[in-house]
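Structure, as structure tokens:
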There are 2 protein chains.
Amino acid sequence: MNSLTEENYLKALFNIANIAGEVNVTELSKNLDLKMPTVTSMVKKLAEKKLVHYESYKPLRLTEKGKREAGLIIRKHRLTEMFLVDKMKLGWEDVHDIAEQIEHIKSPVFFEKMDELLGYPKVDPHGSPIPDKNGKVVWKDYNKLSDCNAGETVKLAAVINTSSEFLKFLNAREMHLGLRIKIKAIEPFDKSIVINYGKRHAETLSNVACERLLVEKEG
Amino acid sequence: MNSLTEENYLKALFNIANIAGEVNVTELSKNLDLKMPTVTSMVKKLAEKKLVHYESYKPLRLTEKGKREAGLIIRKHRLTEMFLVDKMKLGWEDVHDIAEQIEHIKSPVFFEKMDELLGYPKVDPHGSPIPDKNGKVVWKDYNKLSDCNAGETVKLAAVINTSSEFLKFLNAREMHLGLRIKIKAIEPFDKSIVINYGKRHAETLSNVACERLLVEKEG
DNA sequence: CGAATTCATTAGTCAAAGCTAATAATAATT
DNA sequence: AATTATTATTAGCTTTGACTAATGAATTCG
Ligand SMILES: [Mn+2]
Ligand SMILES: [Mn+2]
Ligand SMILES: [Mn+2]
Ligand SMILES: [Mn+2]
């Protein structure tokens, strides 16, 4: 059984690998908000437990076992977020910090019940896929809104950044997953875009925001 | 902010005091399944934090602050148990171990939401009172079923022992809180009792079981 | 009462998970 | 190629919360 601390390392390794491919000690220590020597020694411990492939000065890689265990924690995290939003009526901007704690609860029946009550959801409230019972996860190949063209109509599928500031920013603009968005124009100057959606017309969104929104093209 | 470990000590101190009045190091260490020197040193630390009154070789007592904080953790524990039974459809025999973990979650809004969704319950699934938002708790003065007399009709109000074996024992006999029980006879020999309830007639219950059932007399 | 038993504390050790300071390896720049 | 900068590791220290062994205090029993 892994400790809460070890679980957080596994999760971070999994998430960084998913975004950046390679995982180095610097990245991992920034992600966990720990100093590098702390991370080095824990990574060695995880290597002892066959959860991480470790060679000095080489990039860090989860083993298959490590990936599986990381995936299962992320499964609990995302199921929890879904439960908090769907069943407990909390806002999508409020659930991450709670899920960060509940993901460590040891109780298979608790999470199975959640899954059942939610009807076996495939994605969390931020559009991230929920790993299956073996910890396997597949991302659909969404496009960044910033990579779309004027004239296209797209559906908001996921948010990359899940900071509560960003989610509140979206709340203030009545933007939520599933929303249909028509791209009216893209400013060549700063790559900000002008969009129509819901009852809103000619709203402007910065490129910084668009890079954090994943969409599905209509078709 | 208290650590998970400190919280478990406070809870244990609160619960033992509630049952036995006095709390000594031996009892506390048994309750927490720790060795006595471990407990002595933690109790000193809690005294530093003004949560416990401590004098060597004297019984342990929570301060007002300590009682309040203990009460608030027990509040979270019992709210959680209620939520797990009422909203998540888990059995009353399955919820304690999960609540034992969730009681340590740091998130006021999470527990406020629970409370709201449950309609501000006053007791947990085992009939124990849920402390208020100041950690205050009052036990109603129920009777033990073992202290009742033949001929009386009583309502099952709470269970003292919340071990899953005992609760499964009650499940098997279709006994649940709120049940009306008619006491037909009491065996002088072993103090076992014969009762009628629901669709069941002339069921026998040992004195050991009756001592763990709290009832309200009709009237 | 005095001895034995039980209860509690002290002293010293350990593992987990963090830190700083110093050093070594790798990568990037001149 | 040599220097500098970045990245990672080693060594050694700290805190938290456990433990055992030894000792001291309080209680109980003959
Ligand atoms: Mn999250
Ligand atoms: Mn976490
Ligand atoms: Mn309980
Ligand atoms: Mn607990």
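Convention: sequence-line order gives letters A, B, ...; per-chain numbering from 1.
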List the atom pairs, donor and acceptor, that lie under 3.5 Å between side-chain atoms in residues 46-59 of chain B and the rest of the protein, sequence neighbours left out.
from  : atom 1 : to   : atom 2 : distance (Å)
B/K49 : NZ     : B/N2 : OD1    : 3.0
B/K49 : NZ     : B/E6 : OE1    : 2.9
B/K49 : NZ     : B/E6 : OE2    : 3.2

Could you work out, with side-chain contact (heavy atoms from CB on, under 4.5 Å) as the rule, every residue matching A/S146, not counting sequence neighbours? A/K144, A/N207, A/C210, A/E211
In whole Å, I'd like the distance from the CG atom of B/N2 to the P atom of D/dG17. 10 Å
With B/N161 via side-chain contact (heavy atoms from CB on, under 4.5 Å) - residues at least two apart: B/S163, B/F166, B/R212
Across the strands shown, which category fits B/S3 at heavy-atom distances under 4.0 angstrom: base, sugar-phosphate, nothing? sugar-phosphate
Base, sugar-phosphate or nothing for B/T5? Non-hydrogen atoms, less than 4.0 Å. sugar-phosphate
Atom-pair distance (OH on B/Y54; C1' on C/dT9), nearest Å: 6 Å
Side chains of B/H104 and B/N8 only: does a donor on one sit below 3.5 Å from an acceptor on the other? yes
Mind calculating the distance between CE (B/M1) and P (D/dT16) to the nearest angstrom? 16 Å
What pairs of nitrogen or oxygen atoms, one from the protein and one from nucleotides 23-28 of chain C, lie under 3.5 Å apart?
from   : atom 1 : to    : atom 2 : distance (Å)
C/dA25 : O4'    : A/Y57 : OH     : 3.4

For B/H96, which residues count as a ring-ring contact (aromatic ring centres under 6.0 Å, His included) partner, sequence neighbours excluded? B/H77
C/dC19 phosphate, OP1 or OP2: any side-chain N/O from A/T38 under 4.0 angstrom? yes
Please list, chain by chain and in numerical order, all residues satisfying side-chain contact (heavy atoms from CB on, under 4.5 Å) with A/K35, sequence neighbours excluded. A/P37, A/T38
Less than 4.5 Å apart, any side-chain heavy atom of A/I98 and any of A/L90? yes
Without decimals, in angstroms, what is the distance between A/L60 CG and D/dA8 P? 8 Å
Would you mind reading off the distance between A/E7 atom CD and C/dA17 atom C1', rounded to a whole angstrom? 15 Å
Would you kindly give the CE-to-P distance between B/M42 and D/dT16, to the nearest whole Å? 9 Å
N/O donor-acceptor pairs under 3.5 Å from side chains in residues 16-24 of chain B, not counting sequence neighbours:
from  : atom 1 : to    : atom 2 : distance (Å)
B/N24 : OD1    : B/E27 : N      : 2.9

Scan residues 14-37 of chain A against DNA chain C and write down, sorted by residue number, each residue with any heavy atom closer than 4.0 Å; if none is found, say none. A/L34, A/K35, A/P37
Between CG of B/L4 and P of C/dA17 the distance, given in whole Å, is 14 Å
Atom-to-atom span, NZ of A/K58 to C1' of D/dT7 - whole angstrom: 15 Å
List the atom pairs, with distances to 0.1 Å, where a side-chain N or O of residues 106-119 of chain B and a protein N or O form a donor-acceptor pair under 3.5 Å, not counting sequence neighbours.
from   : atom 1 : to     : atom 2 : distance (Å)
B/K106 : NZ     : B/E7   : OE2    : 2.8
B/S107 : OG     : B/F110 : N      : 3.3
B/D115 : OD2    : B/R75  : NH2    : 2.9

